[in-house]
Amino acid sequence: MPASPRRPTLDPGGDAAARARAAVEAFVAELQEGLYDTDAEIYNRHFAADVIWGGPFGATLAGYEPLHAIHARFHRERRLGPSRYEVVQVLVPAERVAVAHVRRVALDQQGEPIDPADAFTEMALYVLVERDGEWWLAAGQNTPVRPGMSATD
């Protein structure tokens, strides 16, 4: 179905969209590296100073420092356990802006996915913005994945 003049398609495609998608992949690889190394410095390396965040149970906060403190504690306590990050989809609504759904899948000790009914798996919505050649997380929102709760089930 073609886009309506009242309802535009935002993603322009082309080189700008390809660069934004590559930036999301690189960001997710950094999250994965920080998780494996249990290192919040790596995990949060590209979180902007004024990042806004929504936790999976409704809490919100603003600013790198309070979010970094939480992530540092989670890494110290190894609260996330083995996990794999997966880029689900990326929208590029404007040059130098990427909006992405990223799933964090809990894994067992053999690296196999654990049923979301038995472990904490979540879907994140991330907004990344490019400034001076680097991509920064401007906003994130995590939502728990629960079996049978998807609109597509």
Open item on the list: In the structure I gave you, are the side-chain heavy atoms of L125 and N142 within less than 4.5 Å of one another anywhere?
Closed with: no
TODO: Following the transitive rule for hydrophobic clusters with a side-chain heavy-atom cut-off under 4.5 Å over Ile, Leu, Val, Met, Phe, Trp and Tyr, establish whether L128 and L91 coincide in one cluster.
DONE: no
Open item on the list: In this structure, would L31 and Y64 fall into the same cluster of hydrophobic residues linked by side-chain contacts under 4.5 Å?
Closed with: yes
TODO: Give a yes or no on whether I52 atom CD1 has more than 12 heavy-atom contacts from other residues, nucleotides or ligands under 6.0 Å away.
DONE: no
Task: OG1-CD distance between T38 and E77, expressed to the nearest 0.5 angstrom - done: 12.0 Å
Task: Any donor-acceptor pair under 3.5 Å from D39 side chain to I42 backbone - done: yes
Task: Within-4.5 Å side-chain heavy-atom neighbours: P56 and F120 - done: yes
Open item on the list: Side chains of P82 and Q109, heavy atoms from C-beta outward: is any pair under 4.5 Å?
Closed with: yes
TODO: For residues W135 and A98, report the shortest heavy-atom separation together with the two atoms involved.
DONE: CZ3-N, 4.0 Å
Open item on the list: Measuring only between side-chain heavy atoms, which start at C-beta, is V88 closer than 4.5 Å to M123?
Closed with: yes
- [ ] Check G55 against Q141 and note the closest heavy-atom contact, atom names and distance.
- [x] O-NE2, 3.2 Å
Open item on the list: Are the side chains of R103 and E122 in contact, using a 4.5 Å heavy-atom criterion?
Closed with: no
Open item on the list: Can you give me the closest heavy-atom contact between R45 and W136, atom names plus distance?
Closed with: O-CZ3, 3.5 Å
Open item on the list: Set out, in order, the CA-CA distance, both residues' side-chain angles and the distance that settles side-chain contact (heavy atoms from CB on, under 4.5 Å) for H68 and E41, then state yes or no.
Closed with: CA-CA 8 Å; H68 180 70; E41 293 292 332; 3.1 Å; yes
Open item on the list: Is it true that, when you exclude E33 itself, more than 12 heavy atoms of the residues, nucleotides or ligands shown sit nearer than 6.0 Å to its CD?
Closed with: yes
Task: E130 side, atom CD; R19 side, atom CZ - distance, nearest 0.5 Å - done: 7.5 Å
- [ ] Could you pull out the closest heavy-atom pair between A106 and S83, with the gap in Å?
- [x] CA-OG, 4.2 Å
Open item on the list: Any non-hydrogen side-chain atom of V92 less than 4.5 Å from a side-chain atom of R21?
Closed with: yes
TODO: Output the distance between atom CG (L107) and atom OG1 (T121), rounded to the nearest 0.5 Å.
DONE: 8.0 Å
Open item on the list: Tell me whether E134 contacts the main-chain N or O of V129 through its side chain, where contact means a donor paired with an acceptor under 3.5 Å.
Closed with: no
Task: Y43 reachable from V51 in the ILVMFWY side-chain graph, under 4.5 Å edges - done: yes
TODO: Indicate yes or no: at least one non-hydrogen side-chain atom of V127 is less than 4.5 angstrom from one of L137.
DONE: no
Open item on the list: Within a 6.0 Å radius of atom CZ on R96, are there more than 12 heavy atoms belonging to other residues, nucleotides or ligands?
Closed with: no
- [ ] Answer yes if V97 and V28 sit in the same cluster of Ile, Leu, Val, Met, Phe, Trp and Tyr residues linked by side chain heavy atoms under 4.5 Å apart, and no otherwise.
- [x] no
Task: Hydrophobic cluster identity match, V90 and V99, side-chain contacts under 4.5 Å - done: no
TODO: Heavy atoms only: give me the nearest G63-P66 pair and the separation to one decimal.
DONE: O-CD, 3.4 Å
- [ ] Work out which heavy atom in G111 is nearest to a heavy atom in R84; give both atom names and the distance.
- [x] O-NH1, 4.3 Å
Task: Side-chain donor or acceptor of H75 paired with backbone N/O of H71 under 3.5 Å - done: yes
- [ ] With the side chain counted from C-beta on, respond yes when F27 and Y85 share a heavy-atom pair under 4.5 Å apart, and no when they do not.
- [x] no
